[in-house]
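Everything on this sheet refers to the single structure shown next.
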Amino acid sequence: MTTTMETSAPEHLTKTSRGEAVTLLEAISEALFEEMTADESVFLLGEDIGVYGGAFKVTRGFLEHFGANRVIDTPIAEGGFTGAAAGAAHMGLRPVVEIQFMDFISPAYDVITNYIATSLYRGAGPMPLVIRGPVGGGNRGGPFHSQNVEMAFFHTPGLKIVYPSTAYDAKGLLKAAIRDDNPVLFEEHKGLYRAPALREVLPDEDFVVPLGKARTVREGQDLTVVTYGAMVHKSVEAADILDAEDGLSVDIIDLRTLLPMDDDAIVDSVKKTNRLLIVHEDTRTGGIAGEIAMRVSEKAFEWLDAPMLRVTAIDAPVPYSGSLEDYFLPQVDDVVKAARYLAAY
Amino acid sequence: MTTTMETSAPEHLTKTSRGEAVTLLEAISEALFEEMTADESVFLLGEDIGVYGGAFKVTRGFLEHFGANRVIDTPIAEGGFTGAAAGAAHMGLRPVVEIQFMDFISPAYDVITNYIATSLYRGAGPMPLVIRGPVGGGNRGGPFHSQNVEMAFFHTPGLKIVYPSTAYDAKGLLKAAIRDDNPVLFEEHKGLYRAPALREVLPDEDFVVPLGKARTVREGQDLTVVTYGAMVHKSVEAADILDAEDGLSVDIIDLRTLLPMDDDAIVDSVKKTNRLLIVHEDTRTGGIAGEIAMRVSEKAFEWLDAPMLRVTAIDAPVPYSGSLEDYFLPQVDDVVKAARYLAAY
Amino acid sequence: MSDRDSYGLGRKELHELYRALRLTRTAEERLEILQKQGHVTGGLYRSLGQEAGAVGAAFALRRRDDGTGDFLAHTVRAAGALFLFGGDLEDFFRQYMAKGSGPTRGREANVHWFDFQKGFVGPVSPLGTMIEIMAGITLSFRLRGEERIGMVFYGDGASSTGAWHEGLNFAAVQRCPMILMVENNQWAFSTPTHKNTRVASFADKGPGYGIGADSVDGTDVLEVFDTVRRAATLVRSGEGTRMVELRYFRRLGHAQHDPQDYVDPALIAEWEKKDPLDQYRRRLINNEWATESELDAIDSEVFEACRVAAEKVIDEPKPHGPDAVDDVYTDVRVAYPWTRSEAPNPAAART
Amino acid sequence: MSDRDSYGLGRKELHELYRALRLTRTAEERLEILQKQGHVTGGLYRSLGQEAGAVGAAFALRRRDDGTGDFLAHTVRAAGALFLFGGDLEDFFRQYMAKGSGPTRGREANVHWFDFQKGFVGPVSPLGTMIEIMAGITLSFRLRGEERIGMVFYGDGASSTGAWHEGLNFAAVQRCPMILMVENNQWAFSTPTHKNTRVASFADKGPGYGIGADSVDGTDVLEVFDTVRRAATLVRSGEGTRMVELRYFRRLGHAQHDPQDYVDPALIAEWEKKDPLDQYRRRLINNEWATESELDAIDSEVFEACRVAAEKVIDEPKPHGPDAVDDVYTDVRVAYPWTRSEAPNPAAART
Ligand SMILES: Cc1ncc(C[n+]2csc(CCOP(=O)(O)OP(=O)(O)O)c2C)c(N)n1
Ligand SMILES: Cc1ncc(C[n+]2csc(CCOP(=O)(O)OP(=O)(O)O)c2C)c(N)n1
Ligand SMILES: [Mg+2]
Ligand SMILES: [Mg+2]
């Protein structure tokens, strides 16, 4: 597009090039900034992403740098502007849509599932479109500012779903998502955005993390934990406890991309440990654990020496008060308890 | 309400009382008619349900009989009128919403998942509301007139999901759904609506089929097939072949209510047969098979003598042409082949 | 309308209006104190400068507590309407402090609560939804031949949503007796109104739905009251749906965490001069509808009521964690996590 | 406008318009024959009486086949526009017959197809969506500083959807160079327009979005052409979004299966008198813009073209079943059912 401004990059968006550690949020900002710099067809749409820089400040400084034609403050119409993004993608642009809180993606459910995800199949060509935004609980946001939305879209052939747990992955996966010719739903756990423990010095080079590949977080022999997002860190905490107190070693798989799913990584690990625990923050019934269990049953049933189990949120809307929400969400202790049960099985 | 007209019931809605067999569609019409007659607070909302009697003629004659205050032709606004139904339910009415093709429920995704299903939890009291309409493929309807929608809503605590496979169940379950104080999504397979083989003489009395209870379609020893909807009949066909050609006896469970799911029925059967095949018409990844496998793993892992497998549609939009759609949909042969594999395992 | 016109309201009602304005202001100020003390869960959304819209409008409706009155769907910036409809001050604080003793038992935030006897339905966060809900509530009034009407508040930004359109259009066609109150405070978070709509006045949106629409200075409580009263009469007498735009300005950030540095301070200063409480107080005094001491007494009474209610609620218990599994269904209990309770482990041994 | 006004169009263009009207009519009549013969998959939706709306409007746009022209989002009742934008007649029949050789290779129905070089994007069934899509297509024109504009068709009933509102409002605010063409044929399936909206004219909906709107007799192809040409000039010159209402009547049922016994036959008879083809033909003859024999020649040429194209397509092969797994992703292949292919069984033995 014709309107890129030739100003130098704002300081807070170039930490990596100065060797500074970045948070997961900053990694996302950098990914957006670099892709927009490298490719004029990338542009942003969303509520309050311009002058305000987004509800979580992911796009702070972007409007000033890239101008109003590439950083578009939209009306409150998730369906409308996601649909518009799809139209722009038809014309060869590569829109990145921000949903202010992913809970509010539901008005776009129709256009995403019926139009966007089916576009290639219906013969309309590639659909390079990223829909990103904050998800997840633990922040006392109540039922409408805490949801995980993967399972609303997991049953949608044609869509990819990505959910990073580290700054490195967030940057590399988002860059890969923007370059992908398929529509990608990109979930960012708001509890990880500024988590100090996730600050990381990233390679000062253009890197991507390929979609569809899981990551082995740590190697272990006694049990496989398949997880993603914020639960990766709770699982690691649990694994530390299990190691220290029980002498158990846990293989932790971070899915990173939920759809399409990296079956091989899961199956290989289960074939090694013979025990599977699935941990997800999202609610239980119809959660992703089911699909994982089904695939493991199909591909590695013989290797299972114990039932596949899961630790998840309970089947309820996300409650507002801290005491309820803490009960609602899966906790480190739950992982520990379930792992012990499985190890002893 | 004040407007019920005192005309006698139209002939086509009283077949059961005259001892005549009814189709699944007629059973649904009778259920609606009887509930509206018995309870003045039941009323209907939907597109073209009045003078036209609905795209599939489920409500033919209703407008004339019950009047325009109880059979409301709506604007094309699934979100709007489903939301309005929720408002009316707050006021003690019991709305039954028709979605013309269930594919078009997606504009109501927001209000169903965020408002309707969370209403009780948020303290707003019961939400007696039924959302019903035709689903399913095999009719060359293409991607937007063939979908099964259970998995869009299966991950929604607070909602019930019903999917009948026989005329008897359709009538009894719909009556139970209308009397239920929770929101119920009611899926009607359009391929079953007028299937001659499903014509049935129903008891001439007020009966309900309780929500949440599966039905054993036939008893068997060698294998459990868990299924629902149109696939019940394909599974029965397959079981006949397996019986005749292989001497295999298949336990077939028709879930009837998908949410909440009747774990006991599934688990009891698996404990008997030690082999589980799940058959659903809906697409594969993220289909209900996963949740079933997960629960069986949790509750009956020790009883499994073979991997849990599934027969499903492929992961794609529903294609339009018959040759593609037939390939896309699970067929009797697929069930037979998978069952043989499991039996021989 | 002359500044001397009291629109037929007597002294008592004029004072009642003043009290409702003051209560809104003071209750929210008390919330700020509570928030600084760490007692408030989640965001805090002020209505500073918008109080007269909610208060004037709600005052024009029939408020009952036996399930026969008019109906309100408020927003977080229309707490004044909620109070006038009988929303309890203690419950207000309970909600903001996520207490188990509150009307939603800690499940939902702030003004998101319900009382169908008193006639109000709290919002959900997804914007626009409440138009659909209120369309259905008022549809039920029409279907049953009840003389009740409903009023739904929403912001200028919410008018961009599909839910707003579907709900409004359904209501218009169905002649639902409902008044849409658009709180045009000129901002939707950081987004100015002209980025949410290309119209200059929201009243221009009425004709596109075939319904009547008014626009009123939302800082003038009596003007709002009079406009809505007239709209309510039309709606109640069978005209169906109508719209009223409240024109004012959001003088604080979107929520407490928003410094609103995107707003020209001069504009804020200008709107401060049109403060609805100051304005109305002057008018009461100038017209001798109230004395300074009468109004001071109301101020202190309200201040005390807020202080006492808040103090009382602070010490009330938090919800009990395991209650999180209740009330998902009326008749089905969702499972306790087996890793938490003493329930048996899920996997049983083959016997 | 006088009946003698040709709006600056020459003989050639006037004939071209006639041909496009005739082609729409005849191609659809051919579909009816094909359907009776059992060759058509799915429903058949006629545009009888509405042909002039699509044809006149599309004729007013810049049609190119190199990806630089204006853009069309048609509907099933706007096949005439599709043809004018270069939609191939054989492809039209291929789509209706679900042939593997068709542009969507049997995946999608009827006019649901695409050619971004020629500048058209086919609809999806969920109504309203295409407004959003076209908002984005035309947004890209504005962002890139291209002089192109877009035109999206939809029915009166579709205007009730949230997608319509969100897409339109977004476009209006963003000054997307797009014309919304509402095909007001007075019915949405069996539902009369007054049950979808309370407005008398769809042009009344423009001001609610701050955009200009026209309403035109949709049976008069030159009137439509002229109205849209003027609208297009405004839209192209930076005014942003506009609306045009086409007023006419759906003279056949919603689809072939609908006997439309809910429609007063007298009304249908009345609208038959305003048939767009008859009207235009009379006008061409009366004004001596064409001779009977010239028009007869066009009629026969079109009839033959449709007959030949249809015959040719009938024998083309159906799609190959296993192709159903292609093109779900650009780069990931979804699985063949293991029960169908010779692929290994999913469950492997522990070694
Ligand atoms: C569908 C939806 N999208 C986004 C949001 C996030 N959000 C909450 S309030 C708000 C701004 C609302 O502005 P307006 O409607 O004008 O109300 P105001 O806050 O000015 O009273 C936004 C974008 C939401 N609640 N719902
Ligand atoms: C969201 C949605 N709901 C319902 C339908 C089913 N449907 C298909 S066409 C139609 C009527 C459309 O009427 P209108 O928009 O006036 O177009 P027309 O058929 O008159 O050209 C309906 C209800 C749909 N396609 N999409
Ligand atoms: Mg606002
Ligand atoms: Mg129409």
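None of these values were measured; they are calculated from a predicted model. Chain A is the first sequence line, chain B the second, and so forth, proteins listed ahead of strands; every chain is numbered from 1.
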What is the distance from atom [atom1] of [X] to atom [atom2] of [Y], rounded to the nearest 0.5 Å?
X: Leu139(D); Y: Leu45(A); atom1: CG; atom2: CG; result: 6.5 Å
X: Ser125(D); Y: Tyr115(A); atom1: OG; atom2: OH; result: 12.0 Å
X: Met127(A); Y: Tyr329(D); atom1: CE; atom2: OH; result: 14.0 Å
X: Phe170(D); Y: Ile72(A); atom1: CZ; atom2: CD1; result: 6.0 Å
X: Glu132(D); Y: Asp110(A); atom1: CD; atom2: CG; result: 7.5 Å

Margin query: I need the contact set between residues 89-104 of chain D and chain A: heavy-atom distance under 4.5 Å, sorted by residue number.
Written below: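 Contacts with chain A: Thr104(D).
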Next item on the list: Could you please state which residues from residues 110-117 of chain D sit under 4.5 angstrom from chain A, measuring non-hydrogen atom to non-hydrogen atom, sorted by number, or 'none'?
Entry: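 If one takes a 4.5 Å heavy-atom cut-off, the residues of residues 110-117 of chain D near chain A are Phe114(D), Phe116(D).
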Next item on the list: With a 4.5 angstrom heavy-atom cut-off, could you sort out which part of Asp263(A) is near chain D: side chain, backbone, both or neither?
Entry: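 Asp263(A) has no heavy atom closer than 4.5 Å to chain D.
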Check: Looking at residues at least two apart in the chain, or sitting in another chain, which of them share a ring-ring contact (aromatic ring centres under 6.0 Å, His included) with Phe81(A)?
Finding: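 In terms of ring-ring contact (aromatic ring centres under 6.0 Å, His included), with neighbours along the sequence ignored, Phe81(A) is linked to no residue.
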Next item on the list: Would you please name every residue forming a ring-ring contact (aromatic ring centres under 6.0 Å, His included) with Phe153(A), sequence neighbours left out?
Entry: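 Partners of Phe153(A) under the ring-ring contact (aromatic ring centres under 6.0 Å, His included) test: Tyr109(A).
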Would you mind reporting whether [Y] and [X] have side-chain heavy atoms less than 4.5 Å apart?
X: Leu93(A); Y: Leu143(D); answer: yes
X: Lys160(A); Y: Val332(D); answer: yes
X: Arg122(A); Y: Asp327(D); answer: no
X: Val124(D); Y: Asn114(A); answer: no

Next item on the list: Among Arg105(D), Arg107(D), Glu108(D), find the one that has a side-chain contact (heavy atoms from CB on, under 4.5 Å) with Tyr121(A).
Entry: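 Looking at Arg105(D), Arg107(D), Glu108(D), the match for Tyr121(A) under the side-chain contact (heavy atoms from CB on, under 4.5 Å) is Arg107(D).
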Next item on the list: Begin from the C-alpha positions of Val328(D) and Leu120(A) and carry the test side chain to side chain contact (heavy atoms under 4.5 Å, CB included) through to its verdict.
Entry: CA-CA 7 Å; Val328(D) 178; Leu120(A) 180 72; over 6 Å; no
Margin query: Can you confirm whether more than 12 heavy atoms, excluding those of Lys318(D), are under 6.0 Å from its NZ atom?
Written below: no
Next item on the list: Against chain D, work out which of Ile76(A), Ile116(A), Asp180(A), Leu159(A) has the most heavy-atom pairs shorter than 4.5 Å and name it.
Entry: Leu159(A)
Margin query: Counting heavy-atom pairs closer than 4.5 Å to chain D, which one of Gly158(A), Ala88(A), Gly123(A) comes out on top?
Written below: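 Option with the greatest count: Gly158(A).
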Item checked: Step-by-step side chain to side chain contact (heavy atoms under 4.5 Å, CB included) determination, Leu211(A) to Asp331(D) -> CA-CA 11 Å; Leu211(A) 305 192; Asp331(D) 55 353; over 6 Å; no
Item checked: Test side chain to side chain contact (heavy atoms under 4.5 Å, CB included) applied to Glu298(A) and Trp338(D), step by step -> CA-CA 11 Å; Glu298(A) 287 169 341; Trp338(D) 68 271; 5.9 Å; no
Checklist line | Nearest heavy-atom neighbours spanning Pro107(A) and Glu166(D) | finding: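 Here Pro107(A) and Glu166(D) meet closest at CB-OE2, 4.5 Å.
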